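Along the sequence shown, residues are numbered consecutively beginning with 1. Given the structure is predicted, the values throughout are model-derived calculations rather than measurements. Because only heavy atoms are used, hydrogens play no part in the values below, and waters and symmetry mates are left out as well, while side chains stay in.
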Amino acid sequence: QVQVVESGGGLVQAGGSLRLSCAASGSIFGIVVTDWYRQAPGKGREFVATITSGGNTNYADSVKGRFAISRDNTKNTVYLQMNSLKPDDTDVYYCTVARRYWGQGTQVTVSS
């Protein structure tokens with residue numbers, strides 16, 4: 001069983017930045033795909049970004065150019081750097097490892 005823990009969420013003003021972290025038990029990030037999703041209350045989960053085992057990345061159009069996903073295999077951590085945040089980015093952000101293991105989520109709130 002892989003344990004996944006997100007952190008780094010918080011309250012930030014529009015235009016600000018946050019960096020989310022996704023830590024997993026075991027040295028797994030180098031061999032599996034990792035995704036970030038987000039979800040607002042009463043809505044379905046929305047894809048945000050992905051990074052493959054080979055380091056290829058992909059982003060939702062809504063965050064392209066503002067968010068960046070990266071990985072540090074030595075720390076078993078995947079990051080989501082979020083810049084130029086907008087109120088519409090307010091959501092609970094989830095990390096999923098191997099598209100199978102999910103964390104508990106971290107709240108991001110962007111004030112206008």
Side-chain angles (χ1 to χ4, degrees):
Q1 184 74 14
V2 175
Q3 304 296 320
V4 179
V5 179
E6 303 98 333
S7 61
L11 174 64
V12 64
Q13 287 188 332
S17 298
L18 283 173
R19 188 177 77 160
L20 305 184
S21 298
C22 171
S25 56
S27 299
I28 192 171
F29 286 126
I31 59 174
V32 297
V33 63
T34 304
D35 306 290
W36 283 96
Y37 282 78
R38 62 188 183 185
Q39 185 172 23
K43 295 187 177 180
R45 287 184 179 176
E46 174 191 15
F47 168 77
V48 176
T50 188
I51 184 165
T52 69
S53 58
N56 295 317
T57 59
N58 193 29
Y59 300 91
D61 287 343
S62 58
V63 307
K64 202 169 291 185
R66 299 188 298 122
F67 290 11
I69 189 171
S70 63
R71 185 179 67 218
D72 186 338
N73 291 341
T74 64
K75 297 182 179 180
N76 295 328
T77 302
V78 167
Y79 302 99
L80 184 68
Q81 178 66 44
M82 307 187 296
N83 300 324
S84 302
L85 283 162
K86 306 174 182 179
D88 284 349
D89 295 318
T90 296
D91 275 320
V92 178
Y93 284 71
Y94 296 90
C95 173
T96 177
V97 175
R99 293 174 180 161
R100 176 179 179 182
Y101 304 102
W102 290 80
Q104 81 292 345
T106 185
Q107 176 71 49
V108 172
T109 303
V110 184
S111 63
S112 57

Trainee: Provide the closest heavy-atom pair for Gly103 versus Tyr94 in the form atom of the first, atom of the second, distance.
Mentor: O-CD2, 3.7 Å
Trainee: Whether Asp89 and Lys86 form a salt bridge (side-chain N of Lys/Arg under 4.0 Å from carboxylate O of Asp/Glu) is what I want to check.
Mentor: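 A salt bridge is absent here (no side-chain N lies under 4.0 Å from a carboxylate O).
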Trainee: Using 30° and 60° as the class limits, which term best fits the ring planes of Phe67 and Tyr93: parallel, tilted or perpendicular?
Mentor: tilted
Trainee: Is a side-chain donor or acceptor of Ser84 paired with a backbone partner of Arg66 at a separation under 3.5 angstrom?
Mentor: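 The answer is no, because no donor-acceptor pair under 3.5 Å joins these two groups.
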Trainee: With Arg38 as reference, evaluate Asp91, Leu80, Val92, Thr90 under the side-chain contact (heavy atoms from CB on, under 4.5 Å) test and give the passing residue.
Mentor: Asp91
Trainee: So if you build clusters from Ile, Leu, Val, Met, Phe, Trp, Tyr with side-chain heavy-atom gaps below 4.5 Å, do Val108 and Val63 land together?
Mentor: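 Cluster IDs for Val108 and Val63 match.
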Trainee: When you group the ILVMFWY residues by side-chain heavy-atom contacts below 4.5 Å and let the links chain together, are Tyr79 and Val97 in the same group?
Mentor: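 Different clusters.
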Trainee: Verify, without hydrogens or angle tests, whether Thr96 (side chain) and Tyr101 (backbone) share a donor-acceptor contact under 3.5 angstrom.
Mentor: yes
Trainee: Is there a side-chain contact between Glu46 and Ser62 (heavy atoms, below 4.5 Å)?
Mentor: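 Yes, close enough: below the 4.5 Å cut-off.
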Trainee: Would Trp36 end up clustered with Val12 when hydrophobic side chains under 4.5 Å apart are linked, directly or stepwise?
Mentor: yes
Trainee: Under a 3.5 Å distance rule, please check whether Glu6 uses its side chain to pair with a backbone N or O of Gln104 as donor and acceptor.
Mentor: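 Yes, because the side chain of Glu6 sits within donor-acceptor range (under 3.5 Å) of the backbone of Gln104.
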Trainee: Indicate the atoms forming the closest heavy-atom contact of Ser53 with Arg71, along with that distance.
Mentor: O-NH2, 3.1 Å
Trainee: With a 3.5 Å distance limit and no angle check, can you tell me whether Arg99 reaches the backbone of Val32 through a side-chain donor-acceptor pair?
Mentor: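 No, the answer is negative, given that no donor and acceptor are paired below the 3.5 Å cut-off.
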Trainee: Where is the tightest heavy-atom contact between Thr106 and Gly8, given as atom of each residue plus distance?
Mentor: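 For Thr106 and Gly8, the tightest heavy-atom pair comes out as OG1-N, 4.1 Å.
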Trainee: Find the distance between CD1 (Ile69) and CG (Asp35) and round it off to the nearest 0.5 Å.
Mentor: 7.0 Å
Trainee: Can you see which heavy atom on Cys95 is nearest to which on Thr34, and at what distance?
Mentor: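 That would be SG-CG2, 3.6 Å.
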Trainee: State yes or no: do Ile51 and Leu18 share one hydrophobic cluster built from I, L, V, M, F, W and Y residues joined by side-chain heavy-atom distances below 4.5 Å, directly or via other members?
Mentor: yes
Trainee: According to the interplanar angle, ranging from 0 to 90°, do the rings of Tyr37 and Trp102 count as parallel (below 30°), tilted (30 to 60°) or perpendicular (above 60°)?
Mentor: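 The arrangement is tilted - the two ring planes meet at 30° to 60°.
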